[in-house]
Amino acid sequence: MADAAAAPPAASPAKEKKEKKEKPVKEKKEKPQGAEGGGKEGQKKESKLGIQTSKKDNFGDWYSELVVASELISYYDVSGCYILRPNAYAMWEVIQRFFDDKIKAMGVQNAYFPLFITEDVLNTEKDHVEGFAPEVAWVTKCGNTEMEKPIAIRPTSETVMYPYFAQWIRSHRDLPLRLNQWTNVVRWEFKYPTPFIRSREFLWQEGHTAFATQAEAEAEVLEVLELYRRVYEELLAVPVTKGKKSKKEQFAGAFYTTTVEAFVPETGKGIQGATSHCLGQNFSKMFNIEFETEEKTKQLAWQNSWGLTTRTIGVMIMTHSDDKGLVLPPRVAPKQLVIVPIPKASTPEDVQKAMFAKAEELKAALEAGGVRVATDYRDNYTPGWKYNYWELRGLPIRLELGPKDMENGAVVLARRDTGAKETVAWADVAARVPALLDQIQADMYTSAKQRYDDCLEKVTTWDDFMAALERRHMVLAPWADEEEVEEDVKKRSTTATAVGAKTLCIPFAQPELPEGTLCFASGKPAKNWALWGRSY
């Protein structure tokens with residue numbers, strides 16, 4: 001997020017159609033909030049700041065309005081594709097840096113593979129391609145000429161990478177092979193695109209690894225899943241549940257899939273945060289990825305794949321933001337604090353200059369301590385308008401510096417998450433702000449976790465299950481762990497106004513399952529507790 005003004009005194013800064021409930025804001029209405037300015041025109045814009053739709057009353061319209069008004073995205077001419085503006089991309093870079101450093105410490109290396117896949121290679125793994133077939137986009141023409149063979153645009157890269165794994169892996173000495181790529185993929189979904197949450201092109205990382213043994217592969221699956229939990233809970237302050245996907249919900253072609261699952265209380269829907277798959281030997285068998293062991297025998301490699309996308313940003317927005325705009329956790333906020341000097345019209349010029357000089361001094365001290373700081377010296381907007389401007393963009397702390405503060409040698413710090421204010425002496429600002437940012441981060445997670453826990457119900461009967469769904473809650477229930485049962489639950493729980501429920505995951509943290517416990521839906525012996533819910 002760029003400073004509204006880099007140095008004092010600042011100069012004044014100069015179709016998508018409706019898709020079901022998540023109605024996007026039309027491109028023609030999209031204007032930077034307060035980016036223009038000057039004279040009376042700038043003053044007139046003051047009444048137009050903020051979000052016009054309530055999160056509680058119309059979540060879909062609120063979200064669509066917010067991501068545009070806060071300058072995170074712009075809608076693009078191709079339905080389901082979005083422009084990530086600098087504020088959004090800066091948050092993705094924070095996530096990238098954290099995760100990239102962690103996987104490199106594990107021994108994973110970054111690489112890049114092509115965007116295009118030939119049809120015969122894509123069809124190598126039957127179950128895998130069937131799982132993605134409805135989403136695959138194809139290139140069929142070059143200029144005005146029909147191509148002899150269509151080329152697929154990658155929906156994921158297993159079939160792009162594994163023919164080359166087979167070339168590179170010959171001996172046990174070539175293992176483990178651990179690669180990751182930061183890239184884009186295209187999945188031509190038609191299920192109501194939503195910015196960050198479900199789009200036809202999105203950014204992600206995808207890791208692809210090969211090991212000599214099952215134990216090594218399974219250890220990595222859980223190690224990566226823990227990193228995904230840390231992204232959500234430690235960076236984004238979003239609580240998640242770690243678990244294993246049911247057979248019906250697991251990745252096409254996988255041995256098994258692990259996941260972190262988030263939940264949006266306002267919609268009563270779960271949302272898959274990130275997945276780490278143990279592919280077993282399924283793909284190595286199809287692509288002939290085998291190696292010679294120390295005993296001179298041939299063996300198929302054990303493989304994993306794992307991915308995290310820009311969906312992370314959408315889940316964070318949905319979890320924390322309010323009717324005033326974004327509420328950003330400090331660790332991922334592009335700017336963590338904005339300094340807003342507030343001279344009055346009657347403030348003498350020498351006092352105003354001293355105020356601006358003090359603002360620059362405080363900025364330098366904070367940046368020296370690692371705080372990411374913006375400043376706002378614009379003189380054609382009122383303090384209240386500027387407060388709203390920065391609240392819309394979600395900066396965690398606002399530092400106010402007015403004439404009385406100059407007299408008292410202090411500033412006022414205002415929190416975005418709670419609105420609480422405190423007065424801090426100039427000499428204490430550099431130490432107080434980092435501590436306050438840590439407190440905000442912790443408080444945001446605690447608040448989100450409380451809301452998450454409040455939306456989780458434990459039941460053992462079908463009637464209680466349906467009642468919990470009607471309350472827009474997740475449900476922890478004992479079940480028989482059978483695909484037929486899951487299909488039946490989805491059909492029976494579908495209503496005139498809501499889609500059916502499905503398993504979000506089988507949590508790793510399992511409550512005790514007393515002997516003789518029956519499946520809540522089928523009456524068969526229960527095998528485990530599953531987390532159920534309606535979902536995105």
Side-chain angles (χ1 to χ4, degrees), residues 51 54-56 59-60 62-63 66-67 70 72 88 91-92 94-95 98-99 194-197 225-243 259-274 308-334 336 391-397 415-420 435-458 468 471-476 504-505 507-509 531 533-536:
I51 306 301
S54 166
K55 182 178 184 180
K56 180 180 179 181
F59 185 88
W62 166 84
Y63 180 79
L66 174 59
V67 293
S70 60
L72 293 183
M91 289 188 277
W92 179 236
V94 172
I95 295 167
F98 173 86
F99 190 77
T194 303
F196 298 113
I197 301 301
L225 192 71
E226 173 60 11
L227 290 181
Y228 290 155
R229 181 202 67 80
R230 292 183 64 187
V231 167
Y232 274 96
E233 296 193 344
E234 295 180 17
L235 289 186
L236 305 176
V238 172
V240 292
T241 295
K242 292 201 298 185
T259 181
V260 290
E261 296 288 326
F263 188 77
V264 181
E266 287 79 7
T267 63
K269 290 184 178 181
I271 185 163
Q272 180 177 287
L308 177 81
T309 81
T310 41
R311 171 177 284 191
T312 49
I313 298 171
V315 176
M316 177 199 67
I317 295 166
M318 290 180 168
T319 299
H320 300 300
S321 300
D322 58 25
D323 291 350
K324 293 182 179 180
L326 298 176
V327 181
L328 300 180
R331 288 178 186 164
V332 77
Q336 298 167 315
E391 284 177 346
L392 177 60
R393 285 150 182 80
L395 272 71
I397 299 175
R415 291 175 56 158
R416 174 63 181 90
D417 61 323
T418 65
L436 184 56
L437 289 170
D438 287 342
Q439 187 62 53
I440 292 170
Q441 184 81 30
D443 288 351
M444 288 182 66
Y445 176 77
T446 299
S447 176
K449 184 66 164 64
Q450 184 62 58
R451 296 194 302 273
Y452 187 91
D453 291 344
D454 289 345
C455 291
L456 175 60
E457 297 191 41
K458 185 179 177 183
R471 287 188 285 270
R472 294 187 172 188
H473 287 175
M474 298 175 285
V475 190
L476 191 63
L504 304 177
C505 71
F508 290 149
L531 184 64
R534 297 189 167 104
S535 71
Y536 281 91

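For reference, positions follow the sequence shown, starting with 1.
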Looking at OG1 of T259 and OH of Y228, how far apart are the two atoms once the value is rounded to the nearest 0.5 Å? 10.5 Å

Please tell me if the side chains of L504 and S535 come closer than 4.5 Å, counting only heavy atoms from C-beta onward. yes

Within-4.5 Å side-chain heavy-atom neighbours: E261 and V240: no

CD1 of I95 to CG of L236: how many Å apart, nearest 0.5 Å? 5.0 Å

Please check: side-chain N/O of H320 versus main-chain N/O of Y445, any donor-acceptor pairing under 3.5 Å? no

To the nearest 0.5 Å, what is the distance between NZ (K324) and CG (L66)? 14.0 Å

Of all heavy-atom pairs between R393 and S70, which one has the smallest distance, and what is that distance? CG-O, 4.1 Å

Does the W92 side chain pair with the main chain of T309, one donor and one acceptor, at a distance under 3.5 Å? no

I want to check something: taking the side chain as every heavy atom from C-beta on, are T267 and Y536 in contact at a cut-off of under 4.5 Å? yes

Does any N or O in the side chain of R415 come within less than 3.5 Å of the main-chain N or O of L437, such that one atom is a donor and the other an acceptor? no

Contact check, side chains of Y232 and T319, non-hydrogen atoms, under 4.5 Å: no

Are M316 and M91 close enough that some pair of their side-chain heavy atoms sits under 4.5 Å apart? yes

For K55, does its backbone N or O pair with a side-chain atom of Y63 as donor and acceptor, under 3.5 Å? no

Flag, side chain of R416 to backbone of V327, donor-acceptor distance under 3.5 Å: no

Enclosure of R472 CZ (heavy-atom neighbours >12, cutoff 6.0 Å): no

On a heavy-atom basis, which atom in L328 and which in P396 lie closest, and how many Å separate them? O-CG, 3.5 Å

Kindly indicate whether the side chain of L456, heavy atoms from C-beta on, has any atom under 4.5 Å from the side chain of V475. no

What is the ring orientation for F59 with W62, classed by angle as parallel under 30°, tilted 30 to 60°, or perpendicular over 60°? tilted

Measuring from atom NZ of K242 to atom CD of E233, what distance do you get when rounded to the nearest 0.5 angstrom? 8.5 Å

Is a donor on one side and an acceptor on the other found under 3.5 Å between the side chain of S447 and the backbone of D443? no

Between L531 and P507 the two heavy atoms that sit nearest each other are N-CD, 3.8 Å

Minimum-distance pair of heavy atoms, taken over all atoms of F196 and T310: CD2-O, 3.7 Å

Parallel, tilted or perpendicular for F263 and Y452, by the 30°/60° rule? perpendicular

Between V260 and T241, does a side-chain contact (heavy atoms from CB on, under 4.5 Å) hold up when you go through it step by step? CA-CA 5 Å; V260 290; T241 295; over 6 Å; no

Rounded to the nearest 0.5 Å, how far does CZ of R471 lie from CG of D454? 12.5 Å

Taking the side chain as every heavy atom from C-beta outward, state whether E266 and M318 have any pair of such atoms under 4.5 Å apart. no

Compare every heavy atom of E234 with every heavy atom of Q441, then report the nearest pair and how far apart it is. NE2-O, 3.1 Å

Within the distance-only criterion (no hydrogens, no angle test), does the side chain of R534 pair as donor or acceptor with the backbone N or O of H473 below 3.5 angstrom? no

Are side-chain heavy atoms of L326 and L392 found at a separation under 4.5 Å? no

Looking only at heavy atoms, the pair that brings L235 and P329 closest together is O-CB, 3.6 Å

